[in-house]
Amino acid sequence: MAASNERIREVIDDYVRLVATGTADEIVALYADGATVEDPVGSDVLTTADQIRAFYGGLEGLDTETRLLAARIAGGQAAFHFELVTKAGDQTYTVTPIDVMAFDDDGRITSMRAFWSGDDMVIA
């Protein structure tokens, strides 16, 4: 039986929160074995837990805030729009990707594709 919409929403909420304040290991724990990450879409697809951990490890220690803007869940999949704001010195970098995820029956992420590009980044 597919994960419930409520369970998927919990994972989305955890994911958005952990991108700002969590560790790479905490984020990887949301993923199923054999999951894939393509962030941004068009980049190399990450296919191992070590690759995914290294990717999210780049966020650790950054001054980052996140906020979920909208989410749609159907058929064991979700698309959600969130804001990621990172402060580095006097600069603030804001991007609002749309992530598309598929989930297994336990609500673990089996694939994540992030739709955004450098053109979407706002620097202030």
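Basis for what follows: all heavy atoms, side chains included, without hydrogens, waters or symmetry-related copies. One is the number of the first residue; the rest follow in order along the sequence.
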List the steps and the verdict of side-chain contact (heavy atoms from CB on, under 4.5 Å) for Leu46 and Thr36.
CA-CA 5 Å; Leu46 308 178; Thr36 60; over 6 Å; no
Between Thr64 and Leu84, does the side-chain contact (heavy atoms from CB on, under 4.5 Å) criterion hold? Intermediate values first, please.
CA-CA 7 Å; Thr64 304; Leu84 173 67; 3.1 Å; yes
Stepwise side-chain contact (heavy atoms from CB on, under 4.5 Å) test for Thr66 and Glu83:
CA-CA 5 Å; Thr66 54; Glu83 179 180 69; over 6 Å; no
For Val37 and Tyr31, what are the C-alpha separation, side-chain angles and deciding distance, and is it a side-chain contact (heavy atoms from CB on, under 4.5 Å)?
CA-CA 10 Å; Val37 170; Tyr31 283 87; 3.6 Å; yes
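Annotation: side chain of Asp63 is not in contact with side chain of Thr86 (no heavy-atom distance under 4.5 Å). Under the 4.5 Å side-chain criterion, counting only non-hydrogen atoms from C-beta, Ile109 is in contact with Val11. When side chains are defined from C-beta on, Met121 does not count as touching Thr94, because their heavy atoms never get closer than 4.5 Å.
Around the CZ atom of Arg72, the shell of radius 6.0 Å holds no more than 12 heavy atoms that belong to other residues, nucleotides or ligands.
When every heavy atom of Asp25 is checked against every heavy atom of Arg53, the shortest pair comes out as OD1-NE, 2.6 Å. A pairwise comparison of heavy atoms in Ala78 and Ile12 identifies CB-CD1, 3.6 Å as the closest pair.
Every pair tested for ring-ring contact (aromatic ring centres under 6.0 Å, His included) that includes a residue from residues 97-124 fails, sequence neighbours excluded, so the list is empty.
In the hydrophobic clustering of this structure, Val100 does not group with Leu30; members are Ile, Leu, Val, Met, Phe, Trp, Tyr whose side-chain heavy atoms approach within less than 4.5 Å, directly or through other members. If you chain together hydrophobic residues whose side chains sit under 4.5 Å apart, Val16 and Val95 fall into the same group.
Atoms NZ and CD, on Lys87 and Glu65 in that order, are 4.5 Å from each other to the nearest 0.5 Å. To the nearest 0.5 Å, atom CD of residue Glu38 and atom OG of residue Ser43 are 5.5 Å apart. Of the inter-residue distances, the one linking Arg7 atom CZ with Arg108 atom CZ reads 9.5 Å to the nearest 0.5 angstrom. Within the model, atoms CZ of Arg67 and OG1 of Thr96 stand 9.5 Å from one another, a figure rounded to the nearest 0.5 Å. For the atom pair CD1 of Ile27 and CZ of Phe55, the computed distance is 9.0 Å after rounding to the nearest 0.5 Å. One distance of note links CD1 of Ile52 with OG1 of Thr47; it measures 7.5 Å at 0.5 Å rounding.
Partners of Leu59 according to the side chain to side chain contact (heavy atoms under 4.5 Å, CB included) rule, which considers only residues two or more places apart in sequence or in another chain, are Val19, Tyr56, Leu62.
Ion pair Asp13/Arg9 flagged as a salt bridge, since at least one NZ, NE, NH1 or NH2 atom sits closer than 4.0 Å to an Asp/Glu carboxylate oxygen.
Without hydrogens or angle criteria, Glu60 side chain to Ala24 main chain gives a donor-acceptor distance under 3.5 Å. Looking at Gln91, its side chain never comes within 3.5 Å of a backbone N or O of Ala88 through a donor-acceptor pair. Although no hydrogens or angles enter the test, the distance criterion places no donor-acceptor pair under 3.5 Å between the side chain of Arg113 and the main chain of Val41. In this structure, the side chain of Asp104 engages the main chain of Asp106 through a donor-acceptor pair within 3.5 Å.
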